[in-house]
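Report on the following structure.
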Amino acid sequence: MDEQNEIEDSDQYREQRLTNMRQLEELGYSPYGRAYDRSGRLSEIRAAFEEEKVVRAAGRLVTIRKMGKSIFADLSDGSDRFQIYVQKNKLGEEAFTAFKLLDIGDIVGIEGGLFTTRMGESTIGITDWTLLSKSLLPLPEKWHGLKDVDARYRQRYIDLISNPEVREVFNKRTQTVQSIRDFLNSRGFQEVETPMMQPQAGGAAARPFITHYEALDTRMYLRIAPELYLKRLLVGGFDKVYELNRNFRNEGLDRTHNPEFTMLEVYEAYGDRRSMQELIQAMITHVAETVFGSLVFGDGDARIDLTPPWREVTYRDLIVETMGADWYELGLDAARAKAQERDLNIEPDWSHGEITHEVYEKIIERTLVQPTFVTRLPVELIPLARRCEDDETVLDVFELEIGGKEIAPAYTELNDPLEQRARLAEQKGDDAQVEDDDFLTALEYGMPPAGGMGVGIDRLVMLLTGSEAIRDVILFPQLKPRS
RNA sequence: GGGCCGUUAGCUCAGUUGGUCAGAGCACUUGACUUUUAAUCAAGGGGUCCCGGGUUCGAGCCCCGGACGGCCUACCA
């Protein structure tokens, strides 16, 4: 006997439910039923409530209150929770006896007339019922639900059954993604799908997942970004494209990182960083208004007001504001010392620019709670973006910060193949992106000037739903496997 | 990866100084109850105290090691 069976055989709850199931079978009830015609979801039945109207519904029994010759129970179908009332003299002796053998968690189909109890609760007085699925395992406690964080993620289905607010977050996620697609489609953008398995992992700087493709006996990488393929499409003549799908990065897990995450990338030929700025401001306010019905999120210090226009500020101004007007004139040692005074960990070999960026990421970024476009980032940070016309040391880009987190970077895309080749080549260190020769060849055929942006969908949903952890907006977040 | 904290019944949680400490509520079983809704009332069953060592007359509690989780921290977004 294996371990699983030992556990199951010793489980009094499962044994009891199996006994109840066998008794139901003896009474002629099949424990796993077939398709059931419903008048509608419970939410729809509630919305169209009329006294004495006969309805059919199906769902999971979530509470049962037995009162002798009558029973109250609550049926839940994901849309709503609805009380049903079972009376012995309405249902008949046999069907009533059988109903008493049902357990919390069983899925049933019911038919009956709508009425209102004297406590004012809309209720279905059932005249017939069908067992659709027997539940063999007990559900979490009805008051507190499932709280154990590990169990909630490992067995998300139980979390969804017993914590209705969790389901609502994921409903909002679905609506958010739908709303983004509707918005982009209405503006003439075309959704495309580019490879998730790539011979080189380009378009960003991150450690990739590596796999092996047997048929070609070749190493493949799960994509860390779709950018280089979407730009090939710009070369090919697609002028307004987007991709909304998964990226994979072989990095750590924490409250805001999951190894697979959802990214929207948008490219618009003949646009630039400014057109992207207008686009994302319109897109996010569209989602906020249509899905959440508000432009204001959170309260107190965390209150975020998405009402446009959003603040625009240069990277340099933010740095000077924080570190002093002379920051860019300081020598390396003085800059390092000043950064260390602010409790930053500065590696000895860092350049002035690296120290500056540490200041931005560790001190400044978290203060940008209201939506802020941070523009003119240093050229060494992003090899795929175009320089500003008036200053070769900074990029014509923005990073949109909301709630102290980066929600979306956007660039005027670099379309000069010679500069692109040089910029990729002059990167150094761990952050270097791969040089994709086929991408560079594509650029040599001519890519139209373009604006592009990426939006971290998980983080956007966190922001809009008030979720503190990325795990709360990903249905099945990555966890360490149980040994 | 580093630091701190946690793991007790199916679920949510108590458990004092190492000595009736194997506990409560929900859930489950049995009985009563035909408008309850955290239904109520009565009785009952249910434990690898995360795992493995150690100290001790005696360990849920102390020590060591491990697994898993949470928070903080470091890297990617």
Side-chain angles (χ1 to χ4, degrees), chain A residues 3 6-8 10-17 19-20 62-74 81-91 96 103-105 115-123 125 135-155 158-159 161-163 201 203-209 224-225 247-264 343 345 347 358 361-362 365 399-401 405-409 430-431 454-460 462 468-471 479-483:
Chain A
E3 191 185 355
E6 271 178 32
I7 290 167
E8 288 176 357
S10 68
D11 184 346
Q12 55 157 334
Y13 293 93
R14 189 167 182 275
E15 282 303 310
Q16 180 60 48
R17 282 162 181 253
T19 300
N20 293 344
V62 290
T63 61
I64 300 173
R65 296 178 289 281
K66 294 181 184 176
M67 310 200 39
K69 295 183 180 62
S70 73
I71 301 170
F72 284 95
D74 290 318
R81 182 176 170 144
F82 211 104
Q83 179 165 271
I84 63 175
Y85 186 43
V86 188
Q87 290 175 102
K88 188 173 182 177
N89 60 357
K90 291 266 176 62
L91 201 54
F96 186 78
D103 292 300
I104 290 173
F115 73 102
T116 305
T117 66
R118 62 181 176 216
M119 298 304 289
E121 173 127 3
S122 301
T123 302
S135 172
L136 298 179
L137 294 170
L139 288 170
E141 201 232 4
K142 61 187 170 189
W143 307 345
H144 303 91
L146 182 65
K147 286 194 170 168
D148 182 275
V149 177
D150 189 43
R152 284 187 48 223
Y153 299 136
R154 285 189 198 278
Q155 293 183 284
I158 303 177
D159 191 28
I161 291 167
S162 52
N163 300 324
R207 193 189 314 156
F209 285 93
I224 58 174
N247 288 347
F248 305 86
R249 298 190 184 177
N250 202 341
E251 311 277 358
L253 282 168
D254 66 26
R255 211 172 62 247
T256 56
H257 295 89
N258 194 67
E260 52 181 307
F261 62 102
T262 301
M263 176 74 93
L264 166 69
D343 291 329
N345 269 323
E347 300 293 331
E358 185 75 1
E361 289 193 320
K362 294 290 151 58
E365 203 167 13
E399 285 193 350
L400 172 61
E401 303 282 342
K405 295 190 181 71
E406 185 184 347
I407 295 293
D430 297 337
D431 291 342
V455 182
I457 298 299
D458 311 279
R459 289 185 179 179
L460 179 63
M462 285 171 66
E468 291 187 0
I470 198 168
R471 286 175 164 186
L479 299 167
K480 191 163 184 171
R482 279 266 189 243
S483 54

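In this text, all values refer to a predicted model and were calculated from it rather than measured experimentally. Every chain is numbered from 1, with letters handed out A, B, ... down the list of sequences.
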OP1 or OP2 of B:rG70 sitting under 4.0 Å from any side-chain N/O of A:Arg255? no

Within less than 4.0 Å of OP1 or OP2 of B:rG69, is there a side-chain N or O belonging to A:Arg152? no

Within this structure, what is the CD-to-P distance between A:Gln16 and B:rA27, rounded to whole angstrom? 15 Å

Between A:Arg207 and A:Arg17, which is nearer to the 5' end of RNA chain B once each is assigned its nearest nucleotide? A:Arg17

What's A:Arg459 touching, base or sugar-phosphate or nothing? Going by heavy atoms closer than 4.0 Å. base

NA contact type, A:Thr256, heavy-atom cut-off 4.0 Å: base, sugar-phosphate, or nothing? base

Counting side-chain heavy atoms from CB outward, which of B:rU35, B:rA77, B:rC75 is closest to A:Met67? B:rU35

If pairing means Watson-Crick or G-U wobble with both distances under 3.5 Å, then the partner of B:rC71 is B:rG3

Using a cut-off of less than 4.0 Å, is there contact between a side-chain N or O of A:Arg14 and OP1 or OP2 of B:rC28? no

Among B:rC75, B:rU36, B:rU34, find the nucleotide with the atom closest to the side chain of A:Lys362. B:rC75

Report yes if a side-chain nitrogen or oxygen of A:Lys66 is closer than 4.0 Å to either non-bridging phosphate oxygen (OP1 or OP2) of B:rA39; otherwise report no. no

Do A:Asn258 and B:rC76 share a donor-acceptor pair, side chain to base, under 3.5 Å? no

For A:Glu361 and B:rA74, give me the distance from atom CD to atom C1', rounded to whole Å. 13 Å

Expressed in angstrom and rounded to an integer, what is the separation of A:Phe115 atom CZ from B:rU35 atom P? 10 Å

For atom CG of A:Asp150 and atom P of B:rA67, their distance in whole Å: 15 Å

When every nucleotide of nucleotides 1-13 of chain B is labelled 5' to 3' by its protein contacts under 4.0 Å (heavy atoms), B for base, S for sugar-phosphate only, - for none, what sequence of letters results? ---------BBSS

Between the side-chain atoms of A:Thr117 and the base atoms of B:rU36, is any donor-acceptor pair under 3.5 Å? yes

hbond_proxy A:Arg65 side chain to B:rU36 base (donor-acceptor, 3.5 Å cutoff): yes

